[in-house]
Every structure is written in structure tokens, then in C-alpha cells.
Amino acid sequence: ALWGLSIWVLDEKTQAKTADIRIAVQTAPRTLHPFKATDASAVRLLQHITPALGRFNKAFHIQKDVAEHIKETDYGFEVTLPQNVKWHNKTPLSAEDIMAVYTDLQTNMYPYTSLTEGLTKIEKQNETTLHFYVNMDDPYRAKVLTVPLVKMVDSTPQGLGEWRIKNADHLNSIELSHISGKTALFSTIQSPDVRLMALQKGDIDIVHGDMSPELFNHGQNKGFTGFSAPSESYSYIGFNVKNTPTNTFKIRKAVAYALNRDALITALLKGDAAPALSVLMPTHQSVFNVHPPQHNLERAQQIMTDLGYSTEKPLHITLSITNNAFVHKLAQVIQDQLKNAYIQLNIQSTEWGTFYENVKKGATEMYILTWVGAFDTDFLNSVYHSEMTPPKGLNRGFYRNTTVDYLLDTLTKTPKGARHDNLAKEVQRITAQDLIYVPLWRASHKALTSEKITEYNIPSDGGYPLDDLVNNYFFQTSFTR
């Protein structure tokens, strides 16, 4: 809390007075390079700065974003670029720029390089038309058009969005400028209490996300406007299955039986969350909802007894978490629940950057994390295939199952349809059975705002509704890129 407060007092007060909108968040982005950004804070910010040629709608159909027109062809896609568009550094957008972006992504090993796996070549037809040649057997071939368009200049991303980075001397204080000249300041204040204090003092206008139900209700009682929205985010307990003791299936199963998820949702979230099942959204046509083992303390105790553990001789497991106040409280309650099953959790709390790096490099046993956003079935390949461990992919549990690998290899070559859905469902069934994750919930996104903010419709991925601020606060009309 003191660290978060000192950042605010020493570095941001003067800057905050000059920003049109001041938004307080808990976690700073890890990077501002869109090809390297895998944390939610960075992704949420960069989507306004470095949009792609196209983006997926809720049904995962590609639609234009920066592109003037996208046409599907027998070789892939014909993309028409808009005219008279400039990068944030005022240089005109060209077909060569687009080709350079894709060359960079294909040449270097970034977390998002997989977006171009099916791309064979790009041909320039004229100054505004590009032909994208892709593997037509790839059911996810349209993802090649969702690559963030960026020029990195002095470590600052120059994009094509309506918002650009005006000032980012350090990642804890990032000021964006809209094409109209209006500005939004994103300030990192780690402590939820200090964020609310800043709102009360008028130093900020919006507290975005990462607050307990108690704090959210307290803020509303103080006269601030509360906004809440259903969430796509999937919170879970993850296991590192290459490290002992969590590489033992019976131990993972005992943890799942000992955990009382319903009690957690009632006590900590006041019921304002939906139990999570699959990493795919419940509305996805390929979803296979496998319920985790129901709370059964006796079965958990029996498993641990059979493994030689008892009250006098508990199993010690390290649970890695961030120093988020709510997550720490959650970890303590889980610690109490598992203690009854002869499992002693040693809670290791670190700041977000250290925690995140430890998870990615496999220096954990158990951890609590959240997948942010709605995903198509290619996400299953990223998180479960044995070849997709970091930095290449998102298999942070270092899971390896040859049957799952085979199913995923087949899935990624099978056109969308009944067989594709069945392959995806079988992957979800097996991975749920293997207990790589214990799903927790999809908790509602929340924000508190000052009285001058009348519209703040948080999207289901928890991002920043900056368009609302433009249309309903800054002005009554929207701007074109």
C-alpha cells in the first residue's frame, strides 16, 4: 500500500491535474510492445493504441478494423488499406509498413508469432491492396489479420488507433492522447484502499477493476457511481505438473475435493460470480462443461491418508500469488480449507512482475491466475499442447499428454463443424479429468466513478471503455481515425 501511495504522491499528482480523465488501476502493464504483451493490463491498454487490420466479433468471425475492406478468397484474404491514414508519429501508412510488421513477427520469436503460423506470403498488388496467402486447411486462418499494427520508436509503440501514448516515462503512469487532443491518465495504485482514497480526494475520476465487493459497496455508499458487468474472465488454480508434489495426480485431486468453491463465491464474492467450468465461454459451440470434483472433505482426507499424510504430517505445497489484497484473502481461505485435508499451503506473495515471471518459467507449484477474454478453440492448443510452453505458448503448467497433443494437432487442421467441435470437447474432457486447473469463477467486472462520469460500460473482457468517455464525456460526437 505504501509503495502504491508513494508512486501517486511523488510522480503523478501534478500530471493528474492536467489530464482530462484520470483512471486508477492496480497493475501496471509489463510492456508496451504489443508483440510481447501477454498480461491483461498491457493488452487492455494497447488495443486502443495498436489495432489490427481486422478483429473477431463475438461469433469469432473476422471483421474490418484498420482495414478499409477484407475479402475472403480461395488463397486467403484480399485486404484494402484506408487512404490518408498516418501512424502516431505522423508518417503515412503504406503497404510496405504492413509487410514489415508481419516480417518482424515471423522473424522473431514473440508470444504472438503463432498468429502468423499459417501465413505463406503477402503480395503487394498496389499501394492500398495486399493479398495474404494462408494455409486454407487452417480453421483459424483469419487470425493472421488480428496482428497488432505497430512501429516501435524509442521503445514507444506508434500505432493507428484513435489513442496514442503521450507520456510513458515509467509504466506506472501512462498518459494517452485522443485524436481530439483530450487525454486520459492511467495511474498504478496497488492498494484498493488508496485508490478509493484518491477518488474521494478528487485526484482521480475512475477506479477500474480489482476491488472486493465490500470496497465496491463502500464506494457506492460514499456517493460514487458503481458500474458492474458480466465477465468473460476465467479465474482458476493452476498446477505445475512438472514439479513435485503437484505432478502427482492424486494430490491434485485431493486439492480439488478439499476446495469448497461455493463457499468461496458466497463468502468472498458475495455471490457476484458464476462458477467457471471450461476455459471456453459457456456460449461457445465447442464448449464441453466438465464440473470439477464437488467438495468432499472425507474423500480428500482418504486420498491424503493413503499417501501417508495426516494432521501431524501434512503435505507442504507452495501457493504463489500476487500481492493483491483480495487474492491474498482468497489464498488464506483456501489455506484453511486445505488444512483440513492434511495439506499445508505455504503462501508466497510477490509483486505482479515477479509472480508472473515465476509462473512463466515454471518456478511454482500451485498458483492463482485469471485468463482474460473470450477464446476460440485455438486457445486450447496454446494452453494444453506440450510444445506450447513459454515463451512460445501459454502452457504454464508444463502439461504433457500425448493423446491431447494428437487431438490438438488434428483440431488445428480440421475445418469448423461437427468433427472440429467433437475434437475440442474431447480435449476439454481429458484436460479437466487430468486436473491441470481447478476452475474457480467468472467474477463480474467493477468500476467506481466520480459524478462527472455518466457512462462507463465495461466490456466483458474487462477492458477500458474509452469510447464511452469520448462519446459521453468528452464530446457528443465520435471521431474517425
Side-chain angles (χ1 to χ4, degrees), residues 30-39 42-43 46-47 49-56 60 62 64-67 70-81 85 87-89 91 93-161 360 375-383 385-395 408-409 411-413:
R30 293 284 296 157
T31 177
L32 289 178
H33 195 312
F35 294 170
K36 301 177 181 179
T38 59
D39 60 293
V43 172
L46 288 167
Q47 65 183 354
I49 301 166
T50 57
L53 291 169
R55 57 187 172 87
F56 288 119
F60 295 101
I62 197 70
K64 67 178 184 178
D65 197 345
V66 169
I70 295 174
K71 177 183 177 182
E72 294 197 43
T73 68
D74 58 0
Y75 57 79
F77 303 95
E78 180 181 273
V79 175
T80 304
L81 301 179
V85 170
W87 297 93
H88 292 157
N89 63 357
T91 58
L93 171 67
S94 68
E96 287 78 9
D97 289 338
I98 302 297
M99 297 174 74
V101 168
Y102 280 83
T103 298
D104 179 22
L105 194 59
Q106 287 186 302
T107 304
N108 298 289
M109 180 56 70
Y110 295 114
Y112 290 97
T113 296
S114 60
L115 292 176
T116 64
E117 281 179 344
L119 178 64
T120 55
K121 65 178 177 177
I122 303 175
E123 285 187 351
K124 173 185 171 183
Q125 301 304 301
N126 53 52
E127 291 303 318
T128 59
T129 306
L130 292 167
H131 288 179
F132 284 73
Y133 289 81
V134 300
N135 176 8
M136 295 303 289
D137 293 328
D138 182 357
Y140 313 109
R141 55 188 176 273
K143 70 183 180 182
V144 73
L145 301 180
T146 66
V147 169
L149 301 179
V150 64
K151 285 184 175 182
M152 295 301 296
V153 179
D154 296 329
S155 300
T156 300
Q158 306 294 324
L160 298 164
K360 289 193 294 183
F375 305 105
D376 203 0
T377 49
D378 58 333
F379 186 69
L380 301 175
N381 188 66
S382 296
V383 296
H385 200 291
S386 64
E387 294 183 359
M388 297 301 285
T389 54
K392 181 179 180 181
L394 302 173
N395 180 357
L408 289 169
D409 289 339
L411 174 73
T412 55
K413 300 172 185 174

Restricting to side chain to side chain donor-acceptor pair (under 3.5 Å), what partner residues turn up for [X], sequence neighbours left out?
X      : answer
Gln158 : none
Lys64  : none
Thr129 : Asn126

Do any N or O atoms from the side chain of [X] and from the backbone of [Y] form a donor-acceptor pair under 3.5 angstrom?
X      : Y      : answer
Thr412 : Asp409 : yes
Asp138 : Gly118 : no
Asn395 : His385 : yes

With sequence neighbours excluded, what pairs up with Tyr112 under the ring-ring contact (aromatic ring centres under 6.0 Å, His included) test?
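If we apply the ring-ring contact (aromatic ring centres under 6.0 Å, His included) test to Tyr112, skipping adjacent residues, there are no hits.
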Using the ring-ring contact (aromatic ring centres under 6.0 Å, His included) criterion, which residues pair with Phe132? Sequence neighbours excluded.
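For Phe132, the residues satisfying ring-ring contact (aromatic ring centres under 6.0 Å, His included) (neighbours in sequence not counted) are Tyr102.
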Which heavy atom in [X] sits nearest to a heavy atom in [Y], and how many Å separate them?
X      : Y      : result
Thr50  : Pro157 : CG2-CB, 4.2 Å
Val101 : Pro148 : CG1-O, 3.8 Å
His88  : Gly161 : NE2-O, 2.9 Å
Leu105 : Thr113 : O-OG1, 3.0 Å
Pro111 : Lys36  : CD-CA, 4.0 Å
Arg30  : Ala42  : N-CB, 4.4 Å

Kindly state each residue pair satisfying salt bridge (charged side-chain N to carboxylate O under 4.0 Å, His left out) with at least one member in residues 139-151, sequence neighbours excluded.
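Qualifying pairs: Asp97-Lys151.
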Tell me, do Leu408 and Leu380 make a side-chain contact under 4.5 Å, heavy atoms counted?
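When only atoms from C-beta onward are counted, Leu380 and Leu408 do touch, with a gap below 4.5 Å.
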Thr156 and Asp154: side-chain donor and acceptor closer than 3.5 Å?
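Checked: Thr156/Asp154 side chains show no N/O donor-acceptor pair below 3.5 Å.
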Can you tell me which residue among Asn381, Asp376, Thr377 is in a side chain to side chain donor-acceptor pair (under 3.5 Å) with Tyr140?
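In the set Asn381, Asp376, Thr377, the residue that makes a side chain to side chain donor-acceptor pair (under 3.5 Å) with Tyr140 is Thr377.
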Check the orientation of His33 and Phe35. Use parallel for under 30°, tilted for 30 to 60°, and perpendicular for over 60°.
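Rings of His33 and Phe35: tilted, as their planes differ by 30° to 60°.
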Can Ile98 and Leu93 be said to form a side chain to side chain contact (heavy atoms under 4.5 Å, CB included), step by step?
CA-CA 8 Å; Ile98 302 297; Leu93 171 67; 3.8 Å; yes
